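These notes are about the structure you will find just below.
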Amino acid sequence: MGLQAAQDRAQAAGFHLLHSHDARGRSRSQIDDRNWQVCSQAPAAGTALNGQPVTLGVVKFGEACP
């Protein structure tokens with residue numbers, strides 16, 4: 001799923017503390033969310049958040065997830 005769509009879905013479900021990071025470890029900023037796809041999510045779906053953020057590991061579209 002694309003980063004923008006994932007953020008939209010999370011916010012619609014009531015999750016507003018969202019972070020994303022370059023899953024390839026290149027420290028690239030996600031300036032245009034529509035150019036990135038989600039590879040991982042922490043905590044896993046269905047896990048209680050207890051105040052912690054949802055963190056999404058992302059790569060640019062066209063790149064393989066690590």
Side-chain angles (χ1 to χ4, degrees):
M1 175 181 294
L3 177 56
Q4 184 65 58
Q7 290 173 332
D8 292 345
R9 275 186 152 177
Q11 291 171 348
F15 302 105
H16 299 286
L17 190 53
L18 305 170
H19 297 284
S20 62
H21 67 90
D22 184 348
R24 293 203 157 275
R26 297 181 185 161
S27 300
R28 298 176 290 181
S29 298
Q30 295 80 55
I31 294 171
D32 186 354
D33 295 342
R34 287 174 172 77
N35 290 337
W36 296 83
Q37 66 179 353
V38 177
C39 292
S40 64
Q41 169 187 317
T47 304
L49 294 179
N50 299 323
Q52 64 186 343
V54 174
T55 302
L56 304 171
V58 298
V59 296
K60 285 196 166 202
F61 275 112
E63 296 178 346
C65 291

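Positions are given from 1, in the same order as the sequence printed here. Computed from a predicted model, the values in this text were never measured in an experiment.
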Would you say CZ of Arg28 has more than 12 non-hydrogen atoms from neighbouring residues, nucleotides or ligands within 6.0 angstrom?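 Enclosed: over 12 neighbouring heavy atoms sit under 6.0 Å from CZ of Arg28.
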Heavy-atom count around Leu49 CG within 6.0 Å, excluding the residue itself: above 12?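 It does: Leu49 CG has more than 12 such atoms within range.
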For the side chain of [X] and the backbone of [Y], is there at least one donor-acceptor N/O pair under 3.5 Å apart?
| X | Y | answer |
| --- | --- | --- |
| Arg34 | Ala5 | no |
| Gln41 | Pro43 | yes |
| Glu63 | Trp36 | no |

About how many Å separate NE2 of His21 and OG of Ser40, when rounded to the nearest 0.5 Å?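 It is 5.0 Å, given to the nearest 0.5 Å.
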As an exercise, state the distance from CE of Met1 to CG of Asp8, rounded to the nearest 0.5 Å.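 That separation rounds to 9.5 Å.
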Please report the closest heavy-atom contact between [X] and [Y], naming both atoms and the distance.
| X | Y | value |
| --- | --- | --- |
| Val59 | Ala64 | CG1-O, 4.1 Å |
| Pro66 | Cys39 | CD-SG, 4.2 Å |
| Val38 | Leu56 | CG1-CD2, 4.2 Å |
| Val58 | Gln30 | CG2-CG, 3.7 Å |
| Gln37 | Cys65 | NE2-SG, 4.5 Å |

